[in-house]
Amino acid sequence: MSDFFSNKTYVYALSLCLSATSLWYLMNMRQRKKKKSITINSTETYFAVRNSSWFSLDKLGFRRTESDGSDITKKTQTENKSSSEGVKHDHPEGPNIGFESNPSWLSTPRANRKIFISSSTSNNNINDATQTNKLIVVMVGLPGRGKTYIARKVARYLRWIGFRTRAFTLAKYRLDKFGTKTADFFDPSCEGNYQQRVKLMLDALDDSLRYLSRGGDIAILDGSNCTIDRRQLIRDRVAKEENHELLFIESLGGVDDELTEKQLEELSNSPDFLDKEDYKKRMQYYRTTYESLADNEGSFIKVSNYGRDIILHEIHGFLRSKIVSFVMNLHTESRPLFLCRHGESEFNAINLIGGDCGLSEKGVAFSKALTEYMMAEELTESESKELVIWTSTMRRAKETVVPFKGRCNRLLEWRALREIEAGICDGLSYDQIKELFPEEFQVRSQDKLRYRYPRGESYIDVINRLEPIIFEIERQKEPLMIIAHQAVLRCLYAYFLDLPLEEAPYLSIPLHTLIRLDLKPYGCREKRLRICMEGYA
Ligand code: F6P
């Protein structure tokens, strides 16, 4: 899948897809994830485990703190953690789970789910996602054509921009009910089996509709849905609901529509297939009845040739345009992403927020230590030649990358990566804010995600301006390091780890700590390294 979703995208109706990248926003959620912080001190590696439990952020140790010293335990090797394997994936809506998994989430009263709440003094608008129509995205395609990959990524993205979204994967329903089935179960001439499969699809569809009726905004029905008849069943069922819209996403294979040996190998590891032969036989059955989406089937996106060709049909409106723009940037190549705050700034050293000052002496030492570590230890020779670095346009971030100049592939400055704008509180300490603006301090502590500093920004505002950055990161195929700021990195981290936005303002992104995320088709692995400098504690 090396060229999956690359540049030369062939688009019908391109004008429809790039429309709305502006107004709007988000919402709600909760929970946590088991994390490991790892410290590197020259030759030694340290790590700290923080257990977390959902809903009780205060108890997690994820509150804003610059010091990791108290919970660091010596260990001899680096600890890695995967966000998709081994760790319970805690987002209440995903990924790829059946309806039954999180009933408590679904009972959240709709009235509580405002998507843009301002501070009492900043006079913002309040939007409510519940005013919009419900959307059901229906995946279409042969087995092994990346449907689940697209469904999961789209779901994660939509959650991050504030839509309650969940993918309902038919394979999971089937595996839960029948276990792994041989290819003959998919023989279209066997009426009994066919009816069982239709029933599973309708069950998943009913769950999707129930999810939407209880507060979800978007449901993704992730199955093959390979025939016109079957899609008509979906249309008929959805037509009974008020204000529900459909969008089909068809994922086709490469030009010859054959999978590579590597892809076959990966598929045969899935619990859904016995082995390669079983997969091939099932494919034959599907091919005998497969019908690609036709123009009279309403709104759809067809992705073929691993993303090089995209056909859009009847794509109207804000949400569909967003989904199209996102899908156009996807690819499945693995690559590392490094997130790191700038070195300690002069303001950090005296506990002031905001400003645009330069690095302290310690910060300068960090920038050198980080460069040495990255180029000499973390990256292979070819990776360091390819390394792309993005910074914000703020002094402390730009100064941190100075030692990388001439040693990496490209350095790029992004205004969108600037730290959250603290408005009237810029340049103050938290104690001073509490004293001078007690009401602001109080309101922020009640709803840090949505609170907007007077003449400044909220975390939601930061997420909005980071959206193009997410598209660019998705598109990126080279190793990438982002040197930015606490609030900005919290928001990016929440996206990649699919964490509820409510948690984003409290995530631990300490100074002088390098976070490595290995982005894989399904999830990412995380490694944290604390960079220590000689002469500094
Ligand atoms: O203190 C460093 C800093 O980057 C400030 O400039 C910024 O206002 C703050 O962190 C964001 O963190 P919080 O949202 O927890 O106040």
Side-chain angles (χ1 to χ4, degrees), residues 26 32 57-58 60-68 117-119 121-122 339-360 362-363 366-367 390-401 414-466 482-495 499-515:
L26 347 164
R32 169 92 302 104
L57 292 170
D58 277 326
L60 304 179
F62 275 80
R63 286 287 182 198
R64 187 179 179 287
T65 165
E66 301 285 288
S67 157
D68 277 345
I117 302 175
S118 67
S119 83
T121 54
S122 56
L339 303 178
C340 191
R341 284 175 71 184
H342 53 81
E344 182 193 76
S345 69
E346 284 156 3
F347 267 26
N348 289 143
I350 50 174
N351 292 321
L352 303 182
I353 68 166
D356 191 13
C357 56
L359 296 180
S360 67
K362 188 176 178 185
F366 169 74
S367 70
W390 296 350
T391 64
S392 79
T393 50
M394 299 187 108
R395 261 184 77 193
R396 53 195 186 271
K398 292 199 290 190
E399 287 181 12
T400 304
V401 299
W414 289 81
R415 202 179 153 71
L417 287 173
R418 290 172 75 87
E419 180 55 309
I420 189 169
E421 175 54 64
I424 60 167
C425 298
D426 189 68
L428 301 177
S429 69
Y430 290 108
D431 285 344
Q432 287 169 331
I433 298 172
K434 197 171 178 181
E435 202 185 312
L436 292 169
F437 306 109
E439 201 194 322
E440 293 299 327
F441 192 84
Q442 169 73 4
V443 178
R444 187 168 201 249
S445 66
Q446 283 165 359
D447 190 354
K448 200 174 168 192
L449 175 68
R450 297 171 186 83
Y451 169 84
R452 178 184 285 161
Y453 283 107
R455 284 189 246 138
E457 289 180 304
S458 66
Y459 270 84
I460 297 292
D461 293 333
V462 174
I463 288 169
N464 285 329
R465 69 166 146 90
L466 285 176
I482 300 182
I483 303 286
H485 309 267
Q486 178 157 248
V488 161
L489 294 176
R490 282 174 173 159
C491 298
L492 294 177
Y493 182 88
Y495 169 81
L499 298 172
L501 290 182
E502 291 291 347
E503 279 192 36
Y506 306 103
L507 294 169
S508 174
I509 310 283
L511 280 176
H512 304 169
T513 302
L514 178 68
I515 300 174

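Note that these values count all heavy atoms, side chains included, but never hydrogens, waters or copies made by symmetry. Atoms within a ligand are numbered from 1 in the order they appear, just like the ligands themselves.
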Testing the 3.5 Å rule here: is there a donor-acceptor pair between the side chains of Q446 and Y451? no
So, is Y453 polar-close to ligand 1, with some N/O to N/O distance under 3.5 Å? no
Presence of salt bridge, R396 and E419, under 4.0 angstrom: no
Quick one: does ligand 1 sit under 4.0 Å from the side chain of F347, the backbone, both or neither, non-hydrogen atoms only? neither
Please say whether G354 places an N or O atom under 3.5 Å from an N or O atom belonging to ligand 1. yes
Of all the atoms in ligand 1, which lie at a distance below 4.0 Å from a heavy atom belonging to R444? 13 (P), 14 (O), 16 (O)
CD1/I353 to OH/Y453 distance, rounded to the nearest 0.5 angstrom? 4.0 Å
Is Y459 in contact with ligand 1, taking contact as a heavy-atom separation below 4.0 Å? yes
Should you measure from each heavy atom of N348, which atoms of ligand 1 turn up under 4.0 Å away? 2 (C)
Please state which part of R341 comes within less than 4.0 Å of ligand 1, counting heavy atoms only: side chain, backbone, both or neither. side chain
Taking atom types as modelled, is there a side-chain donor on R341 or T513 under 3.5 Å from an acceptor on the other? no
Do the side chain of K448 and the main chain of P505 share a donor and acceptor less than 3.5 angstrom apart? yes
Which option wins on minimum heavy-atom distance to atom 3 (C) of ligand 1: E419, H485, R418? E419
So NE2 of H342 and CG of L417: to nearest 0.5 Å the spacing works out to 12.0 Å
